[in-house]
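Because the structure is predicted, anything quoted here is derived from the model rather than measured. For ligands, and for the atoms within them, numbers begin at 1 and follow the listed sequence. For the numbers below, each heavy atom of this structure counts, side chains included, while hydrogens, waters and symmetry mates do not.
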Amino acid sequence: MNEVLIRGARLYGEGEPVDVLVADGVIAGIGAPGVATVPEGAEVIEAAGQVLLPGFVDLHTHLREPGREDTETIETGSSAAALGGYTAVFAMANTDPVADNAVVVEHVWRRGREIGLVDVHPVGAVTAGLAGERLAELGTMAKSAAGVRMFSDDGHCVADPLIMRRALEYSTALGTVVAQHAEEPRLTVGAQAHEGERASRLGYTGWPSSAEESIVARDCVLARHAGARLHVCHVSTTGTVDVLAWAKGLGVDVSAEVTPHHLLLTDERLATYDPINKVNPPLRTEADAERMRQALADGVVDCVATDHAPHAVQDKDCEWAAARPGMLGLQTALSIVAETMVRPGLLDWRGVARVMSERPAEIAGLPDQGRPLAEGEPANLVLIDPDAEWTVHGAELASLAGNTPYEGMRLPAVVSATLLRGRITAREGKIG
Ligand code: DOR
């Protein structure tokens, strides 16, 4: 029997320390420290001073397999996820070939299961080839072995309102959710950086906030009309938060995610012209980042999603306009949330569980993730040392790519262990 005893951790960082016994994939017992006899052969994790949370769920990960296995594979991405405290990730569909059919989504799902470090849920494309012209086979993907629960053309916006309407209708009938990459393409032709004072002074073509806000507003109206469920990817502007608050006030079934980088980084970084900071949507202003933090704290923005986007050196270490957008996120997400939300008192650890585990699991409809820390519940867990710090080095991260915008930064909070259905998938910075 696979048993693990976690000794002296505080559940959600609250109350007195407890011992947690994990057996047969579930939380078998929770009790006062030292009372339980250590079962023979059990692995013991000394966790005094540490915080135990449900394992994190990432609704937005790019694993690059199939097609760009030089930048990330399902295996390396799964390792990064486990080391980052994740027990489930959603792998975006912009692979090559695109995950717009049952064969590709089943491949991704199967590889995830074989590797077994994290539950890999493939996201199905909304439109065939991400071309935005006709719907992909949503029903076939939902009913495949992979059991697709989320559809998205992420990287591209579903710009045609009729296609978006139909996607919302079908998806709702299937019990799935459409995640929109909100970017009105007519407003971002040639866009390189957040449209504002900094971009104009430095000579970047501007990317207006309204490109995001107009699509979010439109899609909330469409979701309301269709009685459908909508999820908005990587929100980045103050105006988007206003639109979400308005729509939620009307009872629209909309949820939204924010990335760690939009919580911390701003367009102040444009001054270096370093494409490590190029990302879609672009880094916005300090006022926008501040609003993201507030909206995450008060729940208008539901959850954190990484938009983990590995890229090869040659696709990042080049002139700005030619560089691909995106940055790594899986192994740094917890620390950026600790830095931007926990340290300033905007979220406590229970709040972190809500935005990194419970809400994402609910949005995607995962029955065995984001569960309460209670006896009989699946042992999908992350153990965190809240007082430890570490220094980020891209070359030391598990991803094949190294494009982290946090290189050299000292950050709070370290994942000490991750457990997937009671099995240790990461411990002290190492797999397994
Ligand atoms: O920065 C981004 N990179 N945003 C996206 O929406 C797509 C992603 C990617 O696939 O690299």
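- Residue H62 places a heavy atom less than 4.0 Å from ligand 1.
- Between E197 and R201 a salt bridge is recorded (basic side-chain N to carboxylate O distance below 4.0 Å).
- If you number the atoms of ligand 1 from 1 as listed, the ones under 4.0 Å from a heavy atom of H234 come out as 6 (O).
- The proximity of M92 to ligand 1, defined as any non-hydrogen pair under 4.0 Å, does not occur for either the backbone or the side chain.
- The single protein non-hydrogen atom nearest to atom 10 (O) of ligand 1 is N94 ND2, 2.8 Å, given as residue, atom name and distance.
- Look at R427 and E43 and you find a salt bridge, because one of the NZ, NE, NH1 or NH2 atoms lies within 4.0 Å of a carboxylate O, short of that distance.
- Remark: minimum distance from atom 9 (C) of ligand 1 to any protein heavy atom is reached at R64 NH2, 3.4 Å.
- A salt bridge is defined here as a Lys NZ or Arg NE, NH1 or NH2 lying under 4.0 Å from an Asp or Glu carboxylate O, and E358 with R354 fails to meet this definition.
- The proximity of A309 to ligand 1, defined as any non-hydrogen pair under 4.0 Å, is limited to the side chain.
- Of all the atoms in ligand 1, the ones that sit under 4.0 Å from a non-hydrogen atom of D154 are 5 (C), 6 (O), 7 (C).
- Looking at E428 and S416, their side chains never bring a donor and an acceptor atom within 3.5 Å of each other.
- Here the heavy atom of the protein found nearest to atom 5 (C) of ligand 1 is N280 O, 3.6 Å.
- For the pair R68 and ligand 1, no heavy-atom separation below 4.0 Å is found.
- Other residues, nucleotides and ligands place no more than 12 heavy atoms under 6.0 Å from the CZ atom of R134.
- Within 6.0 Å of CZ in R224 there are 12 or fewer heavy atoms belonging to other residues, nucleotides or ligands.
- Using a cut-off of 4.0 Å between Lys/Arg side-chain N and Asp/Glu carboxylate O, R64 and E72 are scored as not salt-bridged.
- Not a single heavy atom of K278 lies less than 4.0 angstrom from ligand 1.
- Ligand-side atoms of ligand 1 in range of G155: 6 (O), 7 (C), range being under 4.0 angstrom from any heavy atom.
- Salt bridge status for K248 with D302: present, with a side-chain N to carboxylate O gap under 4.0 Å.
- Remark: distances from the non-hydrogen atoms of H311 to ligand 1 include one below 4.0 Å.
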